[in-house]
2 protein chains.
Amino acid sequence: MDPHLLRTFVTVARTGSFSTAAQRLGYTQSAVSQQIAALESDLGLPLLHRRPVTPTEAGARLLDHAEPLLLRLRAARADVLRTAAMPAHRLTLAATPLALNPRLAHRLARARAAQPRLQITIRTCARDEVMRQVAVGEATIGLADGIAAPNDPLPPHDAAPLTTTGLCQEDLVVALPPDHPLAGRPGLRLADLVDARWLQTTLCPVRRLRHLAGDGFPVALDYTGDDVHTVLNLVAAGHGLTLLPASVGRGVPLSHPRLVHRVELLHATLPDGPAARLAADLS
Amino acid sequence: MDPHLLRTFVTVARTGSFSTAAQRLGYTQSAVSQQIAALESDLGLPLLHRRPVTPTEAGARLLDHAEPLLLRLRAARADVLRTAAMPAHRLTLAATPLALNPRLAHRLARARAAQPRLQITIRTCARDEVMRQVAVGEATIGLADGIAAPNDPLPPHDAAPLTTTGLCQEDLVVALPPDHPLAGRPGLRLADLVDARWLQTTLCPVRRLRHLAGDGFPVALDYTGDDVHTVLNLVAAGHGLTLLPASVGRGVPLSHPRLVHRVELLHATLPDGPAARLAADLS
DNA sequence: TCGTCTTACGAGAAGCGTAAGAATT
DNA sequence: AATTCTTACGCTTCTCGTAAGACGA
């Protein structure tokens, strides 16, 4: 179960070809063939069907494990190397699109004022990608948002053990098209909306709603981008409903169940220095 | 970052000696020395101080990552091999001491009656150990108990991705010595007891109480065993308080916050067979 | 017959053990 | 001086690439 073998196995399984995997990894087809053979003989099981190249049942199981494992390995390496990195005067902050809300943007400005020489690069990406980048050191600090019950943490990602700190919470509103029959209400219960059509977005994943409020919530449209204005436009055009933090969109307050939009700070164990200070200033 | 190197690193760091680690692992001291040197040169950092042998800061960080990583590797291997294991007519169930309560014992009996030829071995151990055994295949199925808010899952362990299913919940009581001033109350709030002295046990870890109900809960005595009767005796003798499921001990019902004793079923993806059927019968 | 995976074989590298050397207590 | 880690060196094993072979489409 050498990580190298695991990596080539993953590549072969995903590309469905020994040869393209080989050239992507800088090996010969032969080497890849031998590596897969080594893995299979180590486990005593075939992992791939050939022609076409497809994971066997055992291979599928291994595939589920291999990627998180490789990610954790990289995270471990990054974490160790971080201890030696000199306190940098520049750092990268990865954030989900809704994480850097007005309040946090303000806090960030104050924190930067306290460390004027600190160069910050901000990058927006999806939640999983934020976690991954922080874990493997591509970003120093992460901000991730999500929907949760008040004071509950967001669901953890198992990429690597990261320190997470709740930064702020704010009310949620149901974003509705202006001519929607419920648009005039003072407040809405989620239960009133289980049969409405919902937008599946990275900002408000319907899966999460189901987890928090039970089944239902049929998906009308799946939007995989991460642009808030686009989502607002889709809602206004009547493609479906979504939940947004009150500061972002006009909408009807969500009265029950009590759910909040929560932003969390993510980072690995930071050595003393500007990054640690920034993290402290944000929380 | 070869797992072999990681394993010897962990062993050296834990034993504090190259030589004893070597003989524990079946290597020469020389080999161990070379392995550590290889790891250090790969990362470009010293990981251990010598004489005495002690992790450096970077080494400590690596140590944090290495053990979960190795565990996941073993779990991955076990999971793959499980797909090939023929449906066995004997399996091992690992359970925490309070998990196999009357209701579940009953369900287990019914499930066994449905599969009379199935041989079951039951083993009791601590929660982390249950998870570990299920992950690496030393146990087929696990039962773990803990304290949680109603319908909330227990905190996950990141050894490996395991399927967890809530099996049952029951009320909690505060176990008090009979002559305790609060013993006559019809119900107790946890807030009334933040300043009482608590037993720290594996059955009711005080850390968990603090997480669920805020700070406080000073620890009077730490009991590392897992025997329920011993804990009851300690409570009766006035060493401290603890929470127990209502079916186990007499005590004052916990009225607020509403917390329950929850039992969860743990297993990896089970191939069709007696084990999968048992898991289904239990839930 | 072409594309693709497997096998055979040789060259190079890596890993371990023996044994001698250095450093600390 | 004794213990413990490091280094030198040779041997074995592993791994990769080249090249030829097998198997399907």
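Naming convention: chains lettered A, B, ... in sequence-line order (proteins, then strands); numbering from 1 in each chain.
For dC16(D), one of the phosphate oxygens OP1 or OP2 lies less than 4.0 angstrom from a side-chain nitrogen or oxygen of Q35(A). Y27(B) has a side-chain polar atom (N or O) that falls below the 4.0 Å cut-off from OP1 or OP2 of dC16(C). One finds a side-chain N or O of S19(A) lying less than 4.0 angstrom from the OP1 or OP2 phosphate oxygen of dC5(C).
Under the 3.5 Å distance criterion, with hydrogens and angles disregarded, no donor-acceptor pair is assigned to the side chains of Q23(A) and S19(A). Inspection of the R90(B) and T121(B) side chains reveals an N or O donor paired with an N or O acceptor under 3.5 Å.
Summarising the geometry, the separation between CZ on F9(A) and C1' on dC5(C) is reported as 16 Å, rounded to the nearest angstrom. When rounded to the nearest whole Å, the span between CD1 of I36(A) and P of dT4(C) equals 17 Å. For the pair L39(B) CG and dG15(C) P, the interatomic distance rounds to 11 Å; values are reported in whole Å. Atom CG in L48(B) sits roughly 14 Å away from atom C1' in dT4(D) (whole-Å rounding). Taking atom CD of residue E40(B) and atom P of nucleotide dC5(D), one finds them 13 Å apart after rounding to whole Å. Separating the CG atom of D2(B) from the C1' atom of dT15(D) is a distance of 14 Å, rounded to the nearest angstrom. One atom, CZ of F18(A), and another, C1' of dT7(C), lie 13 Å apart when rounded to the nearest Å. At whole-Å resolution of the value, NE2 in H49(A) and C1' in dC23(D) are 17 Å apart.
Salt bridge absent: R123(A) and E129(A) never bring a charged side-chain N and a carboxylate O closer than 4.0 Å. A salt bridge does not link D2(B) with R7(B): every distance from a Lys NZ or Arg NE/NH1/NH2 to an Asp or Glu carboxylate oxygen is 4.0 Å or more.
Considering only the side chain of Q34(B), dT7(D) comes nearest among dG17(D), dT7(D), dC23(D). Distance from the side chain of R51(B) is smallest to dT4(D) among dA19(D), dA8(D), dT4(D).
Between P155(B) and R127(B), the closest heavy-atom pair is O-NH2, 2.6 Å.
Across all strands, V32(A) comes closer than 4.0 Å to no nucleic acid atom at all (heavy-atom distances).
S30(B) contributes a side-chain N or O that forms a donor-acceptor pair with the base of dT7(D) under 3.5 Å.
Nearer to the 5' terminus of DNA chain D, by closest-nucleotide assignment, is the contact made by Q29(A) (compared with the other of P52(A) and Q29(A)).
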